[in-house]
Amino acid sequence: MAGIECQDLRKAYGDVQALDGVSFASEAGKVLALLGPNGSGKTTTVRILTTLTTPDSGWARVADNDVVREAPHVREAIGLTAQETVIDKFLTGKEYMGGVAQLRHVPRGDRARETARLLTEFELDEVSRARVGSLSGGMRRRLDLAASLLGQPSVLFFDEPSTGLDPHSRKCLWDAIRRRADDGATVLLTTAYMEEADALSDLVVVLARGRVIATGTPTELKDDIDRRILALTLADPDQARKAAATTAALGLSSTAGDTPEALDVLMLRSGPPLLAILQRLEAEGVRVSDVIVRRPTLDEAFLQLLGQADPIREDKPQEASL
């Protein structure tokens, strides 16, 4: 069953078409990463799916409920961490969690236990009695993330959740997301960190100019790039220069590696295969100490897709508030 499904979503702000026919779906128990440059339509999509705004046309269902006609049921089923952390600075962390638990209709007898469990999970026990205004930005962000999980929502939305988090806190977040997906929750994640999307997502949807320009697993998107980097370690700098000349004769471009003995060779699918390159190097007497073939990163796949889509635009007029 699809935990999130949308079809032909369209939304305009004046003359600006923020969404122009967006469609995708994500199954329960999966993590979907929604990627795109600023102004691509990510936030508008999240706002529609979380009932904070309505589409001009098209439809969407979250937890098997229509986001317009059954909005109250959608709100009961979801947890949301928005881009900005807004928490009353005069509350303690424990008071804030208790208030959110009440709003989420967590049974009275379960509130203290669930609040304590989430505070521990996000390593906030020691500061739970401190006022929010005294906490660092990263701690407030972790508190916001913990609160979004109260009531065990079946569908979770994380809009740029790693903003303000240090590497350790980011790992804590990643572990929490994986646990929820393993337990059957559907997760939609927007992020500017490609390594985050690569590590967590089962499916990636890339938006540009309010449209879906690519959909696939991280591996599929990376494999669509027609290049690999052949990282060679040679016996000495002279051998590296000889390897550069040899690969150039094969029509391959190369750049110097991290050391004088290293060479990075760009391999294309239309060019000679790896075995032919290594055989040519051996025939020319080039002494290769180590060979590594590096696949493209999700960053590289993302940038290539954006280059193809020419996505420079604004998601909304400056005066419109999303």
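What you see below is based on every heavy atom in this structure, not just the backbone, and it leaves out hydrogens, waters and symmetry mates. What you are looking at is a predicted structure, and each value in this text was computed from that prediction instead of being measured.
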Would you say [atom1] of [X] has more than 12 non-hydrogen atoms from neighbouring residues, nucleotides or ligands within 6.0 angstrom?
X	atom1	result
Q83	CD	yes
D258	CG	no
K242	NZ	yes

What closest approach, in Å, do [X] and [Y] show between heavy atoms, and which atom pair accounts for it?
X	Y	answer
D66	V68	OD1-N, 2.9 Å
R228	R295	CD-CA, 3.8 Å
V286	A243	CG1-CB, 3.9 Å
V46	L80	CG1-CD1, 4.3 Å
A181	V31	CB-CG2, 3.8 Å
A240	L263	O-CD2, 4.0 Å

Looking at [Y], is its backbone amide N or carbonyl O close enough to the side chain of [X] to form a donor-acceptor pair, meaning the two atoms are under 3.5 Å apart?
X	Y	result
R61	E5	no
K89	S134	no
T115	A112	no
T44	G41	no
R178	L200	no
R104	L150	yes

(message) Under the criterion side-chain contact (heavy atoms from CB on, under 4.5 Å), I'd like the reasoning laid out for F24 against L188: C-alpha separation, chi angles, the key distance, then a yes or no.
(response) CA-CA 11 Å; F24 60 81; L188 187 148; 4.0 Å; yes

(message) So, using salt bridge (charged side-chain N to carboxylate O under 4.0 Å, His left out) as the criterion, who are the partners of R142 when residues are at least two apart?
(response)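 So R142 forms no salt bridge (charged side-chain N to carboxylate O under 4.0 Å, His left out) with any residue.
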
(request) Apply salt bridge (charged side-chain N to carboxylate O under 4.0 Å, His left out) to E284 and list each qualifying residue two or more places apart in sequence or on a separate chain. (result)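 For E284 the salt bridge (charged side-chain N to carboxylate O under 4.0 Å, His left out) partners, ignoring immediate neighbours, are R280.
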
(request) List the steps, then state whether salt bridge (charged side-chain N to carboxylate O under 4.0 Å, His left out) holds for D110 with R113. (result) CA-CA 5 Å; D110 296 336; R113 181 174 61 254; 2.5 Å; yes

State, with a plain yes or no, whether a side-chain heavy atom of [X] is found less than 4.5 Å away from one of [Y].
X	Y	result
E123	H168	yes
L189	S201	no
L306	I213	yes
V206	L221	yes
L234	V288	yes
D202	T217	no
I48	V22	no
Q7	S23	yes

Contacts under 3.5 angstrom, residues 191-198 side chains, donor-acceptor by atom type, not counting sequence neighbours:
| residue | atom | partner | partner atom | Å |
| --- | --- | --- | --- | --- |
| T191 | OG1 | Y193 | N | 2.9 |
| T191 | OG1 | E196 | OE1 | 2.6 |
| E196 | OE1 | S162 | OG | 3.3 |
| E196 | OE2 | S162 | OG | 2.2 |
| E196 | OE2 | W174 | NE1 | 2.7 |
| D198 | OD1 | K222 | NZ | 3.3 |
| D198 | OD2 | K222 | NZ | 3.0 |

Gap separating the [atom1] atom of [X] from the [atom2] atom of [Y], nearest 0.5 angstrom:
X	Y	atom1	atom2	result
L32	L203	CG	CG	4.5 Å
L135	I87	CG	CD1	8.5 Å
L34	S40	CG	OG	7.0 Å
T45	L19	OG1	CG	4.0 Å

(request) Kindly determine whether L49 and F157 satisfy side-chain contact (heavy atoms from CB on, under 4.5 Å), including the steps that lead there. (result) CA-CA 9 Å; L49 294 176; F157 293 89; 3.7 Å; yes

(request) Using a strict 4.0 Å threshold on nitrogen-to-oxygen distance, state whether D236 and R287 make a salt bridge. (result)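 Answer for the salt bridge query: yes.
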
(request) Could you tell me whether R211 and D20 have a side-chain N and a carboxylate O separated by less than 4.0 Å? (result)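 A salt bridge is present here (some side-chain N lies under 4.0 Å from a carboxylate O).
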
(message) My understanding is that only one of T186, L156, D175 makes a side-chain contact (heavy atoms from CB on, under 4.5 Å) with R180; could you say which?
(response)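 Testing each of T186, L156, D175 against R180, the sole residue satisfying side-chain contact (heavy atoms from CB on, under 4.5 Å) is L156.
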
(request) Determine the sole option in E70, R69, R75 for which the side-chain contact (heavy atoms from CB on, under 4.5 Å) test with H73 is passed. (result)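 Of all the options given, the one that passes is E70.
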
(message) Test of understanding: clusters of I, L, V, M, F, W, Y form through side-chain heavy atoms closer than 4.5 Å, transitively. Do V67 and V212 belong to the same one?
(response)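 V67 and V212: one cluster.
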
(request) May I ask you to check whether R129 and T92 show a side-chain donor-acceptor distance below 3.5 Å? (result)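 No, T92 and R129 have no side-chain donor paired with an acceptor closer than 3.5 Å.
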
(message) What I want to check is whether the side chains of D144 and T81 have a donor and an acceptor closer together than 3.5 Å.
(response)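 Checked: D144/T81 side chains show no N/O donor-acceptor pair below 3.5 Å.
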
(message) Working note: E121 + L118, criterion side-chain contact (heavy atoms from CB on, under 4.5 Å); need CA distance, chi angles, decisive distance, verdict.
(response) CA-CA 5 Å; E121 183 175 3; L118 287 167; 3.5 Å; yes

(message) I'd like to know whether T215 forms a side-chain contact (heavy atoms from CB on, under 4.5 Å) with V204, so could you lay out the CA-CA distance, the side-chain angles of the two residues, the decisive distance to 0.1 Å, and finally the verdict.
(response) CA-CA 6 Å; T215 302; V204 174; over 6 Å; no

